[in-house]
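As structure tokens, the structure follows; a few thoughts come after it.
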Amino acid sequence: MNIVVLAGGISTEREISIVSGTKVCEALREKGHRAILLDVFFGNTGLQADCAFTEAYDVNAAAAYMRSFDSKLEEAVKTQKEFFGPMVLELCKAADVVFLALHGENGENGKVQAAFDLLGITYTGSGYLGSALAMDKGISKQLFLENGVPTPKSVMLKKAEGMKQPETIGICLPCVVKTCCGGSSVGVYIANTREEYEQAVKNAFHYEDEIIIETYVKGREFSIGVVDGEAYPIIEIAPIQGFYDYKNKYEAGSTIETCPAELAADLTKKMQDYAVMAYHVLRLENYARVDFLMDESNNMYCLEANTLPGMTPTSLLPQEAGALGMSFADLCEKLIEVSLKK
Ligand SMILES: Nc1ncnc2c1ncn2[C@@H]1O[C@H](COP(=O)(O)OP(=O)(O)O)[C@@H](O)[C@H]1O
Ligand SMILES: [Mg+2]
């Protein structure tokens with residue numbers, strides 16, 4: 001197949017997306033596909049739609065080309081009005097399918113998906129509605145509550161309403177302060193004291209105008225891939241220090257990841273069922289990864305669903321596929337296969 005692996009962009013997760021995209025592109029080429037790596041925002045003026053998909057291709061050179069724009073990002077965001085860079089839509093239209101290796105706001109929030117629907121471009125992962133619902137943790141949690149998916153108690157705060165103390169909104173310390181639409185734990189703070197809480201609220205409002213104050217759940221953390229409506233083996237995530245913040249997510253060796261998680265069969269089944277419920281409640285399609293916490297009494301809480309989770313060979317979903325005997329390249333192909341069914 002002729003495949004565009006779309007990555008990069010302008011979110012805080014640009015670099016992670018470039019890594020995911022590079023690995024996915026390599027894997028798909030290994031499988032014999034003519035896959036090319038493309039920056040959604042910077043595009044590539046050197047590529048023509050009729051001859052871009054070739055047998056010989058240097059994925060690393062394409063990744064280096066994307067990174068050559070890193071230093072120009074801030075300036076380009078100010079001057080470039082259109083989100084899709086040069087040749088991006090032409091190449092995506094010419095491809096059999098676009099593998100979305102984007103992470104973070106534009107890319108994961110449904111806007112790219114909506115545009116592609118209107119342009120007749122086939123892509124991997126959820127559609128625009130599910131992507132948008134899952135991107136907003138406030139809305140996701142309301143849907144979880146209404147549909148029997150347990151989630152930590154929380155309250156939404158708006159910047160215009162100013163500072164509110166936790167006890168006035170029915171939340172006890174310690175609590176978690178997080179932006180509604182963030183990712184990669186950017187804008188997530190655990191507040192143990194009133195001082196930490198006030199600082200966290202200020203910091204979170206620096207990123208977004210709507211934030212969530214959530215009850216802190218002490219216990220173990222898990223994540224579950226759902227592919228084509230089916231739950232994959234659960235992975236347990238245990239950071240050696242602190243919580244699963246940006247550093248612990250991306251610094252090798254900082255988090256112990258165990259897959260399949262050491263959980264009793266009944267608890268495994270229960271959490272997998274909740275993951276599939278969350279996937280349906282949020283109108284997700286093709287694949288997603290759902291995050292959970294479990295307290296000392298085995299109460300489970302769904303935190304969020306990630307519609308375009310990390311896709312390097314050591315990312316969580318690929319590890320879960322590995323536990324099923326599926327290689328990284330097999331998983332990349334599988335995600336395309338399920339997405340083409342729609
Ligand atoms: N209510 C909570 N109690 C305890 N830890 C939490 C809670 N909410 C989030 N965390 C920690 O913060 C991390 C990031 O939070 P999450 O809501 O998943 O946001 P993100 O979209 O940035 O991944 C989680 O993986 C977990 O380690
Ligand atoms: Mg998360």
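In listed order, ligands and their atoms are each counted from 1.
Classification of Lys31 and Asp330 as a salt-bridged pair holds, one side-chain N sitting under 4.0 Å from a carboxylate O. Asp39 has a carboxylate O that lies under 4.0 Å from a charged side-chain N of Arg14, or vice versa, which qualifies the two as a salt bridge.
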side-chain hydrogen bond (donor to acceptor under 3.5 Å, both in side chains) between Ser254 and Lys247: does it pass, once the steps are laid out?
CA-CA 8 Å; Ser254 60; Lys247 176 181 157 292; 5.1 Å; no

Run the numbers on Phe116 and Phe84 for ring-ring contact (aromatic ring centres under 6.0 Å, His included), then give the verdict.
CA-CA 11 Å; Phe116 279 13; Phe84 295 111; 5.7 Å; yes

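Short contacts between ligand 1 and Ser184, defined as distances under 4.0 Å to a heavy atom of the residue, involve ligand atoms 22 (O). Near Lys249, with a cut-off below 4.0 Å to any heavy atom, the atoms of ligand 1 are 20 (P), 22 (O), 23 (O). Distances below 4.0 Å separate heavy atoms of Glu214 from the following atoms of ligand 1: 1 (N), 2 (C), 7 (C), 8 (N). Atoms of ligand 1 lying under 4.0 Å from at least one heavy atom of Leu293, given by number and element, are 2 (C), 3 (N), 4 (C), 5 (N), 6 (C), 7 (C). Applying the 4.0 Å criterion to heavy atoms of Tyr216 picks out, from ligand 1, the atoms 3 (N), 4 (C). The distance from ligand 1 to the heavy atoms of Gly183 drops below 4.0 Å at these ligand atoms: 21 (O), 22 (O). Here is the list of ligand 1 atoms found below 4.0 Å of a heavy atom in Asp291: 18 (O). Numbered from 1 in the order shown, with element, the atoms of ligand 1 that lie under 4.0 Å from a heavy atom of Gly182 read 21 (O).
Figure legend: cation-pi geometry between Lys72 and Phe69, with NZ or CZ positioned under 6.0 Å from the six-membered ring centre and within 45° of its axis.
The Mg ion (ligand 2) is closest to atom OD2 of Asp291 (considering only N, O or S atoms). Distances from the Mg ion (ligand 2) to each N, O or S atom of Glu304 single out OE2 as the nearest.
The side chain of Glu221, and not its backbone, has at least one atom closer than 4.0 Å to an atom of ligand 1 (non-hydrogen atoms only; side chain from C-beta on).
Residues Asn203 and Gln199 bring a donor and an acceptor atom of their side chains to less than 3.5 Å of each other. Between the side chains of Ser11 and His103, no donor-acceptor pair is found at a separation under 3.5 Å. In the model, Asp291 has a side-chain atom that pairs as donor or acceptor with a side-chain atom of Ser223 under 3.5 Å.
Contact analysis puts Lys137 in contact with ligand 1, with a non-hydrogen atom separation below 4.0 angstrom.
Evaluated by nearest non-hydrogen atom to atom 14 (C) of ligand 1, the leading choice among Ala305, Cys302, Ser185 is Ser185.
Listed by chain and number, the residues in a side-chain hydrogen bond (donor to acceptor under 3.5 Å, both in side chains) with Thr312 are Thr314, Ser315 (sequence neighbours excluded). Taking the ring-ring contact (aromatic ring centres under 6.0 Å, His included) definition, one finds that Tyr197 meets it with nothing, sequence neighbours left out.
A distance of 9.0 Å separates CD in Glu230 from CD in Gln272, rounded to the nearest 0.5 Å.
Phe243 CD1, 3.5 Å is the protein heavy atom nearest to atom 11 (C) of ligand 1. Of the protein's non-hydrogen atoms, Glu304 OE2, 2.9 Å is the one closest to atom 18 (O) of ligand 1. The protein atom (non-hydrogen) at minimum distance from atom 3 (N) of ligand 1 is Val217 N, 2.9 Å.
Remark: ligand 1 and Lys178 share an N or O pair separated by less than 3.5 Å (distance only, no angle test). Backbone and side-chain nitrogen or oxygen atoms of Leu303 are examined, and none is located within less than 3.5 angstrom of a nitrogen or oxygen of ligand 1.
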